[in-house]
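Remarks on the structure that follows.
Order of appearance sets the numbers: ligands from 1, and atoms from 1 within every ligand.
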Amino acid sequence: MTSNILLACHGLSAVVDEKPILHEIDLEIPQGEVHVLMGPNGAGKSTFGHVLMGDPVYEVTAGDISFDGEDVTELAPDKRSRAGLFLSFQAPVEIPGVPLRSFLRAIMEGRGEKMKNKEFRKKLQALAETLDMDPAYLDRELGVGFSGGEKKKVEMMQLLLLQPKLAILDETDSGLDVDALSVVSRGMELYRGTCDGTLLIITHNTRILEHLNVDRVHVMVQGRVVAEGSADLIAEIDANGFERYEAQLDA
Ligand code: ADP
Ligand code: MG
């Protein structure tokens, strides 16, 4: 590979139930950068995240996705995960009867990572401390009775355990409270700091971006990328919304 482009989509179009959602998306993310995807509700941002992960609900009808120098357009989600792609769960999981500890272990093993039990315990303990999580949570049933902030801690634990090459965090509709917000910010900082991770953050909530150096912003409206720019675009959108982009498309 001659460039340091980690993710590249070219002319990517996708449908769900034969309904076109994404239209000829061109988007590139160089290794190590922080990118933000913004857009009004229903623009197709979450769909884009799921298409990148290979969610079979969506069908790619044109274009391709290359990741880390490999064409992943036809790869199954687990293979993409092994290649280093990660998408945060927007709907938090609850699995009664399964302790958080076992869930995290299963995720690691699913990724083909073998680790001794004792070593894994130590690692989880350290992670819980870093994230200010009561280690007792590791033995509680996954998600059952967890607060919004605690669910986010579980998500950030997954991120920091798996250390993916690209983390796509879809925070758009999750209604983050102040607690959850600070957990996500901290998790993102740790991910950046410990593994020089590349980020694609899907969000309306620009407070989440305050502690990050955002390299590039992509604006999606009606399934198209209609604008791209530097971090300055965030303040501009905060002030003016998406109307002018929508007006351009409707014209
Ligand atoms: P955003 O995340 O930008 O708010 P989405 O990607 O969730 O937007 O949705 C974009 C469009 O695709 C919406 O019209 C939505 O109803 C539709 N859509 C997304 N996923 C599905 C699905 N699984 N089945 C049917 N329609 C879907
Ligand atoms: Mg969404």
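Between Thr47, Ile21, Ile202, Val221, it is Thr47 that holds the heavy atom closest to atom 5 (P) of ligand 1.
Counted within 6.0 Å of CG on Asp250, heavy atoms from surrounding residues, nucleotides or ligands total more than 12; the atom is thus considered enclosed.
For residues 115-136, no pair satisfies salt bridge (Lys or Arg N to Asp or Glu O under 4.0 Å), with sequence neighbours left out.
Separation of atoms CG (Leu166) and NE2 (His35) is listed at 9.5 Å; rounding is to 0.5 Å.
Residue-to-ligand polar distances place Ser46 within reach of ligand 1: an N/O pair is separated by less than 3.5 Å. Looking at Gly42 next to ligand 1, an N or O pair under 3.5 Å apart turns up. Residue Ala43 has at least one nitrogen or oxygen atom sitting less than 3.5 Å from a nitrogen or oxygen atom of ligand 1, judged on distance alone. The distance criterion of under 3.5 Å between nitrogen or oxygen atoms is met by Gly44 with respect to ligand 1.
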Checklist line | Chi angles and distances behind the side-chain hydrogen bond (donor to acceptor under 3.5 Å, both in side chains) call for Ser66, Asp71 | finding: CA-CA 4 Å; Ser66 107; Asp71 185 337; over 6 Å; no
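Heavy atoms of His50 come nearer than 4.0 angstrom to ligand 1 in no pair at all. Using a 4.0 Å heavy-atom cutoff, Phe48 is absent from the residues neighbouring ligand 1. Within the structure, the closest approach of Gly39 to ligand 1 does not fall below 4.0 Å when heavy atoms are considered. Contact analysis puts Pro40 in contact with ligand 1, with a non-hydrogen atom separation below 4.0 angstrom.
For the pair Leu52 and Leu7, the minimum side-chain heavy-atom distance is below 4.5 Å.
Lys152 and Glu155 are joined by a salt bridge, as a carboxylate oxygen and a charged side-chain nitrogen come within less than 4.0 angstrom of each other. Salt bridge absent: Lys79 and Glu74 never bring a charged side-chain N and a carboxylate O closer than 4.0 Å.
Counting heavy atoms under 4.0 Å from ligand 1, residue Lys19 touches it through the side chain alone.
A donor atom on one side chain and an acceptor atom on the other are found under 3.5 Å apart for Ser46 and Asp170. Checked by atom type, the side-chain pair His218/Glu228 shows a donor-acceptor distance below 3.5 Å.
Here Ser46 meets the criterion, with an N, O or S atom under 2.8 Å of the Mg ion (ligand 2).
Atom numbering of ligand 1 starts at 1 in the shown order; those under 4.0 Å from a heavy atom of Tyr58 are 19 (C), 20 (N), 21 (C), 23 (N). Within ligand 1, the atoms closer than 4.0 Å to a non-hydrogen atom of Val57 are 23 (N), numbered from 1 in the order shown.
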